[in-house]
Trainee: 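Structure provided below as structure tokens; questions to follow.
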Amino acid sequence: MAVLELSGVFKSFRTHLSIRRIQVLRDLSLSVQQGEIFGFIGTNGAGKTTTIKLALSFIFPDRGAVRLFGEDASRTALRRRIGYLPENPYFYDYLTGEEFLDFHARLFGLGVSLRRHRVRELLDRVGLGKRGDRQLRTYSKGMLQRIGLAQALVNDPELVILDEPMSGLDPIGRREVRDIILDLKARGRTVFFSTHILSDTEMICDRVGILVRGSLKAVGTIDDLLAGGDVPFWEVTLRGAPEDRLPCGRVVSRRLDQLLIRVDTQADVHRLLASLDGTASVISVVPARQSLEDLFIRESRHD
Amino acid sequence: MIERVGAIALNTFREAIRNRILYLLLVFAVTMITFAQVLSLLTVGSEEKIIKDFGLASIDVFGVLTAVFIGIGLVSREIERRTVYTILAKPIHRFEFVLGKFAGLALTLLVNTAVMAAWFFLVLLLKGMFDPRLGLAILLLVFQFLLVTAIAVLFSCLSTPILSSVLTLALYVVGHLLWSFDLLQRRLHSVAATAVCQTLYYLLPNLGNFDIKGEVVHGLAIEPSRIAWAAAYLLLYGAAILAAACAAFERKELQ
């Protein structure tokens, strides 16, 4: 079942005092399935946050439909099943971590004892167990991101929407967020997150969507998306080969008697290997596998 | 619904009481009430009237300033600082958010006025000048604060904090001078001009309804119907303003 679904969505904004409208999303259709981790990637200004704001009805589409759990996304009651972390979250800095989480739990009408239990559990889960009694103004950026994540999980949501959850975090913080996302999936939850940090996406996402200037350029599993691309070149490592008699390829580096040679086509790889005599040995032949980053850059340039 | 509005209200109250501006205004008000005694020595006229008049005026001005300076930032600052997003991503209607903000500020003003009134009464008791009718005058001031708060919340839903504060203060001033529209209308001969004056007279908030300071200070009679009318005016006008604020916020794009 589609947990989040956008079909044919257009969205434009008017800039300050100008009559001209800027088209942010163009005919965006997207569907996030139950139980998957969906990575929504795109450059700054591609329309990721706009898409998320549409899903939460902070803004409304010019055209098209946004649905959550098969129903119109603007229905307030649906938000009982959603958790959301905004990009660069700003919170009430006069509240302590505990007060902040308690306040958000109250909005779900949770009782006092359940709230107290949930707040404690969440603080531990995001690694802020001992800092809950401190005002948010004393928190570091990483801590704010974690308390933000905790408020997104306060209702044990079925769908968690995270806007740039990794931005501004150090490698340890990123790994912690990654682990929380994977833990949510293990609990059967659906996670939809936007990011421009591709290495994280590649590691944890079941599917990704690539958004370029308001249009979805590619969507699918990482394997499917990457398999579709050609291998752009091969790297052949040889030992004891005579550099001046190579039939093709370009020597990229030399170390002792080893040569690393970049070869452009598979036919050239065969030619190169056939040309070797008994004194040379082959160490490795590696096709340069396309990374998500390559795909992302290629899709962004195509436009 | 009550629970969600209550949660927002409580949080708004908490924010206000942790705001330094509130204490600054409160200290000023208390100082002014105390200063009235010195002032009464320097001016010609009854000492008692000057102390009472000055005290009530201080509560009036500082209450309104609190309503404006805290009220105007209530909604727009939440959008500006993006704190509104985590709240509206929860199962809460937008009108509940607006009502909660209003209720929180109303609670702040009640506490604020109670502190100012307590100090005022203490000063008067010590001087043997206490008059229970002053409580009535303060009650009507609270009505006025609530209406000004509703107006501040409405502007806060529509525009930026600075513009909201200017507009709210302007309406407060105009609201106290509304009798002049009535006067002007009687002196104008053009039908169109009279119609404009009359429309403005009925459309703009008539804060004169909440002002019985003169009667209380000078010991004049106050009809109970005057208090009832002030309460009814607050309920009707205040409800209309809050409804407009909720409607404005309902379809607002939170970019």
Side-chain angles (χ1 to χ4, degrees), chain A residues 11 13-16 24 49-50 52-62 74-96 99-111 115 135-137 147-148 150-152 154-155 157 160-161 163, chain B residues 1-23 70 73-101 103-104 108 157 159-160 163 246-255:
Chain A
K11 181 66 191 171
F13 291 117
R14 222 176 39 213
T15 50
H16 251 345
V24 181
T49 298
T50 301
I52 288 177
K53 285 182 177 173
L54 283 166
L56 292 156
S57 294
F58 294 156
I59 52 176
F60 311 97
D62 297 341
S74 63
R75 281 197 55 212
T76 306
L78 289 174
R79 281 173 234 146
R80 204 163 271 287
R81 303 162 70 181
I82 296 176
Y84 164 63
L85 170 71
E87 183 185 9
N88 299 328
Y90 290 89
F91 304 124
Y92 303 106
D93 54 8
Y94 52 88
L95 294 182
T96 66
E99 285 172 341
F100 175 73
L101 291 182
D102 185 72
F103 166 60
H104 283 93
R106 261 171 197 261
L107 298 176
F108 288 96
L110 303 182
R115 285 206 309 264
Q135 282 195 336
L136 298 188
R137 70 174 87 236
I147 198 85
Q151 68 77 30
V154 80
N155 53 326
V160 184
I161 298 176
D163 197 355
Chain B
M1 171 185 161
I2 300 286
E3 170 133 40
R4 292 187 293 267
V5 173
I8 301 280
L10 194 70
N11 191 49
T12 306
F13 177 68
R14 204 180 253 159
E15 178 174 12
I17 59 169
R18 290 181 193 179
N19 190 336
R20 285 194 199 104
I21 292 180
L22 182 73
Y23 295 98
I70 298 184
L74 280 182
V75 179
S76 51
R77 202 175 47 226
E78 294 258 3
I79 298 171
E80 218 169 74
R81 296 179 62 196
R82 293 186 265 175
T83 44
V84 73
Y85 293 137
T86 53
I87 296 177
L88 292 182
K90 307 283 185 281
I92 178 166
H93 292 280
R94 288 192 179 191
F95 73 85
E96 291 173 332
F97 177 74
V98 174
L99 293 182
K101 284 272 139 195
T108 312
C157 287
S159 84
T160 60
L163 197 59
C246 291
F249 195 57
E250 200 60 42
R251 292 301 292 179
K252 192 179 176 81
E253 295 243 309
L254 305 172
Q255 289 178 29

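Letters A, B, ... mirror the listed sequences (proteins, then strands); counts begin at 1. Computed from a predicted structure; not experimentally measured.
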Trainee: What part of A:Thr49 lies closer than 4.5 angstrom to a heavy atom of chain B: side chain, backbone, both or neither?
Mentor: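 Contact with chain B is absent: no heavy atom of A:Thr49 under 4.5 Å.
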
Trainee: Picking from A:Leu85, A:Val154, A:Leu107, which has the most non-hydrogen pairs under 4.5 angstrom with chain B?
Mentor: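 Most pairs with chain B among the choices: A:Leu107.
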
Trainee: Of all the heavy-atom pairs spanning B:Glu250 and A:Phe60, show the shortest one and how long it is.
Mentor: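 Taking B:Glu250 first and A:Phe60 second, the nearest heavy atoms are O-CZ, 4.1 Å.
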
Trainee: Find the one option among B:Ile92, B:Val5, B:Leu88, B:Leu10 whose heavy-atom pairs under 4.5 Å with chain A are most numerous.
Mentor: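 Of the candidates given, the most pairs with chain A belong to B:Leu88.
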
Trainee: Can you tell me how far the OG1 atom of B:Thr86 sits from the CD1 atom of A:Ile147, to the nearest 0.5 Å?
Mentor: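 These two atoms lie 11.5 Å from each other.
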
Trainee: Does A:Thr50 have any side-chain hydrogen bond (donor to acceptor under 3.5 Å, both in side chains) partners at least two apart in sequence or in another chain, and if so, which?
Mentor: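 Partners of A:Thr50 by the side-chain hydrogen bond (donor to acceptor under 3.5 Å, both in side chains) criterion come out as none, since no residue qualifies.
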
Trainee: On a heavy-atom basis, which atom in A:Leu110 and which in B:Glu3 lie closest, and how many Å separate them?
Mentor: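 Taking A:Leu110 first and B:Glu3 second, the nearest heavy atoms are O-OE2, 4.5 Å.
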
Trainee: Considering residues at least two apart in sequence or located in another chain, which fulfil the side-chain contact (heavy atoms from CB on, under 4.5 Å) criterion with B:Ala103?
Mentor: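 For B:Ala103, the residues satisfying side-chain contact (heavy atoms from CB on, under 4.5 Å) (neighbours in sequence not counted) are B:Ala9.
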
Trainee: Using 0.5 Å steps for rounding, measure from the CD atom of B:Glu96 to the OG1 atom of A:Thr76.
Mentor: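 The distance works out to 8.0 Å.
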
Trainee: Between A:Leu95 and chain B, with a heavy-atom cut-off of 4.5 Å, which part of the residue counts as in contact: side chain, backbone, both or neither?
Mentor: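 Both backbone and side chain.
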
Trainee: State, with a plain yes or no, whether a side-chain heavy atom of A:Arg14 is found less than 4.5 Å away from one of B:Glu253.
Mentor: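 A:Arg14 vs B:Glu253: side chains apart.
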
Trainee: At a heavy-atom separation under 4.5 Å, does B:Arg94 approach chain A through its side chain, its backbone, both, or neither?
Mentor: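 The side chain, not the backbone.
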
Trainee: Could you state the interatomic distance from CD1 (B:Ile87) to CZ (A:Arg79), rounded to the nearest 0.5 Å?
Mentor: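 One gets 12.5 Å once the value is rounded to the nearest 0.5 Å.
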
Trainee: Nearest 0.5 Å, please: how far is OH in B:Tyr85 from CG in A:Asp163?
Mentor: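 OH of B:Tyr85 is found 10.0 Å from CG of A:Asp163.
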
Trainee: Could you tell me if B:Arg14 sits above the aromatic ring of A:Tyr94, with its cationic atom closer than 6.0 Å to the ring centre and no more than 45 degrees from the axis?
Mentor: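 No.
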
Trainee: Determine the option with the most heavy-atom pairs under 4.5 angstrom with chain A, choosing from B:Arg251, B:Arg82, B:Lys252.
Mentor: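 When all of B:Arg251, B:Arg82, B:Lys252 are compared, B:Arg251 has the most.
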
Trainee: Find the one option among B:Gly6, B:Pro91, B:Ala89 whose heavy-atom pairs under 4.5 Å with chain A are most numerous.
Mentor: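 Of the candidates given, the most pairs with chain A belong to B:Pro91.
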
